[in-house]
Number of protein chains: 2
Amino acid sequence: MTRKGELLRQRIVAAADELFYQQGYENTSFNDIANAVEISCGNFYFHFKSKDEILKAVIDKRLENIKHMLVDWEQNYHKPIDKLLAYIDMLYSNQGNIKNHGCPIGVMCTELNKANHFMLSDAVEMHTLFKDWLTQQFELLGKGKEANQLSMHLLARAQGIASITHTFENTDFLKKEIKQLKEWLKDTIK
Amino acid sequence: MTRKGELLRQRIVAAADELFYQQGYENTSFNDIANAVEISCGNFYFHFKSKDEILKAVIDKRLENIKHMLVDWEQNYHKPIDKLLAYIDMLYSNQGNIKNHGCPIGVMCTELNKANHFMLSDAVEMHTLFKDWLTQQFELLGKGKEANQLSMHLLARAQGIASITHTFENTDFLKKEIKQLKEWLKDTIK
DNA sequence: GTCTATATCGAGATAGAC
DNA sequence: GTCTATCTCGATATAGAC
């Protein structure tokens with residue numbers, strides 16, 4: 001693959017990523033993506049064998065992004081509590097997108113689940129990356145066997161906040177919930 | 001409309017309701033519904049002008065179900081706290097469906113939102129019915145201006161629990177979360 | 001009221017010119 | 001590598017016989 005071809009491929013994946021988030025995977029046609037990248041519909045198949053392959057590239061990209069994010073948090077924060085707070089703050093900084101499109105992970109898992117899509121497990125892996133990392137932080141805080149349940153609790157709270165913020169298009173709710181979630185965290189780890 | 005025709009119409013709506021929940025609206029074709037009800041695909045259009053009209057009938061039916069449920073709870077429980085607990089217990093009794101298909105309301109709102117479907121607002125009304133009723137209970141408990149936020153908090157917790165239970169196909173998580181949610185409620189209203 | 005046959009449309013995907 | 005033209009398929013929807 002030449003440099004130019006590789007760059008176009010990345011642009012396709014980036015456009016697909018955004019469109020899948022905004023409109024969903026099935027509602028996004030090749031034409032939508034082709035228009036966004038300004039290529040012809042046929043050109044697509046030089047870079048990807050099928051629509052599923054684009055989805056795979058999008059999920060892989062998201063997984064890489066999450067891994068990088070976790071590495072960054074590892075480097076920037078040292079105390080487990082600060083790492084957990086970084087996760088919660090992600091909700092705050094993404095509030096605009098959440099209001100408009102929901103949680104990208106949750107929404108994609110829901111869609112692939114309904115469609116009984118074979119790539120569902122890859123999408124769930126996005127959740128698992130966060131879950132395992134959060135579990136680790138709770139373990140470092142001495143939560144032992146409870147750590148996994150606490151991690152999933154945090155995931156669920158985040159999903160719930162994203163879902164209701166999206167449905168009611170209400171970021172005030174999100175802000176208040178984030179405060180409460182931080183209080184819950186403080187009470188839980190002490 | 002004759003009695004027989006009306007009955008068939010109800011069977012169609014019931015089958016569509018179930019299939020929309022299990023597979024999603026867009027993934028469910030007329031053929032799927034026709035097979036379930038054992039009628040021909042053409043026969044459909046005698047009872048409904050379009051697929052959207054079936055969706056409308058399904059949403060209307062769900063709205064009616066929710067209203068009846070709330071009336072039942074009003075009749076069976078007298079203290080606001082018991083009414084709030086009835087809402088939480090609904091999660092417990094639906095755990096099997098939640099594990100397999102998620103929350104029917106949340107999942108439908110997500111799908112219609114992505115598809116930018118004009119009937120989204122009707123689906124959101126399902127959430128609003130619960131929200132307003134829960135708000136009322138918190139008001140009766142003297143929560144005043146906080147009542148709405150508490151109601152939305154409860155909705156969000158339920159959505160989050162349903163989402164994670166579904167994604168990880170884990171009802172143990174759901175059971176533990178329900179316990180915690182009841183404790184939160186107890187602490188909140190005292 | 002219910003059926004079969006068919007129209008229509010947009011999607012993913014392919015072929016082959018350039 | 002990128003394009004245009006085309007294929008195929010499944011979906012919603014319609015027409016008209018019975």
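Reminder, nothing fancy here: chain letters follow the sequence lines and each chain counts from 1. All heavy atoms count here, side chains included; hydrogens, waters and symmetry mates do not.
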Given atom [atom1] of [X] and atom [atom2] of [N], what is their separation to the nearest angstrom?
X: Asp32(B); N: dG10(D); atom1: CG; atom2: P; result: 13 Å
X: Asn27(A); N: dA11(D); atom1: CG; atom2: P; result: 15 Å
X: Lys51(B); N: dA13(D); atom1: NZ; atom2: P; result: 8 Å
X: Glu53(A); N: dA13(C); atom1: CD; atom2: C1'; result: 13 Å
X: Ile39(B); N: dC3(C); atom1: CD1; atom2: P; result: 7 Å
X: Ile33(A); N: dA11(C); atom1: CD1; atom2: C1'; result: 12 Å
X: Phe44(B); N: dA15(D); atom1: CZ; atom2: P; result: 19 Å
X: Glu38(B); N: dT2(C); atom1: CD; atom2: P; result: 14 Å

Identify which nucleotide among [options] has an atom closest to any side-chain atom of [X], counting heavy atoms from C-beta outward.
X: Phe46(A); options: dT12(D), dT2(D), dT4(D); value: dT2(D)
X: His47(B); options: dA11(C), dT2(C), dA13(D); value: dT2(C)
X: Phe30(A); options: dT2(C), dA13(D), dG12(C); value: dG12(C)

Result block: side-chain N/O donor-acceptor pairs under 3.5 angstrom for residues 129-144 of chain B, not counting sequence neighbours:
residue, atom, partner, partner atom, Å
Lys131(B), NZ, Asn148(B), OD1, 3.4
Trp133(B), NE1, Glu74(B), OE2, 2.8
Thr135(B), OG1, Lys131(B), O, 2.7
Thr135(B), OG1, Asn148(B), OD1, 3.4
Thr135(B), OG1, Ser151(B), OG, 3.2
Gln137(B), NE2, Trp133(B), O, 3.1
Lys143(B), NZ, Thr188(B), O, 2.8

For this session: Would you kindly say whether Asp52(B) and His117(B) are connected by a side-chain donor-acceptor distance under 3.5 Å?
Result: yes

**Exercise: do Tyr21(B) and Asn100(B) side chains pair donor with acceptor under 3.5 Å** = no

Mind checking if Ser40(A) touches a base, just sugar-phosphate, or nothing, with heavy atoms under 4.0 Å? base

- Message: Please report whether the ring centroid of Phe30(A) lies less than 6.0 Å from that of Tyr45(A).
- Response: yes

Contacts under 3.5 Å, N or O only, protein and nucleotides 15-17 of chain C:
none

* Asked: Between Asn43(A) and dG1(D), does any side-chain N or O lie under 4.0 Å from OP1 or OP2?
  -> no

message: Taking 4.0 Å as the cut-off, does a side-chain nitrogen or oxygen of Tyr45(B) come that near to OP1 or OP2 on dA13(D)?
response: yes

Pairwise side-chain contact, Arg9(B) with Phe48(B), heavy-atom cut-off 4.5 Å (strictly under)
yes

With the threshold set at 4.0 Å, does a side-chain nitrogen-carboxylate oxygen contact exist between Lys182(A) and Asp89(A)? yes

CG (Leu70(B)) and NE2 (His68(B)) are apart, to the nearest 0.5 Å, by 10.5 Å

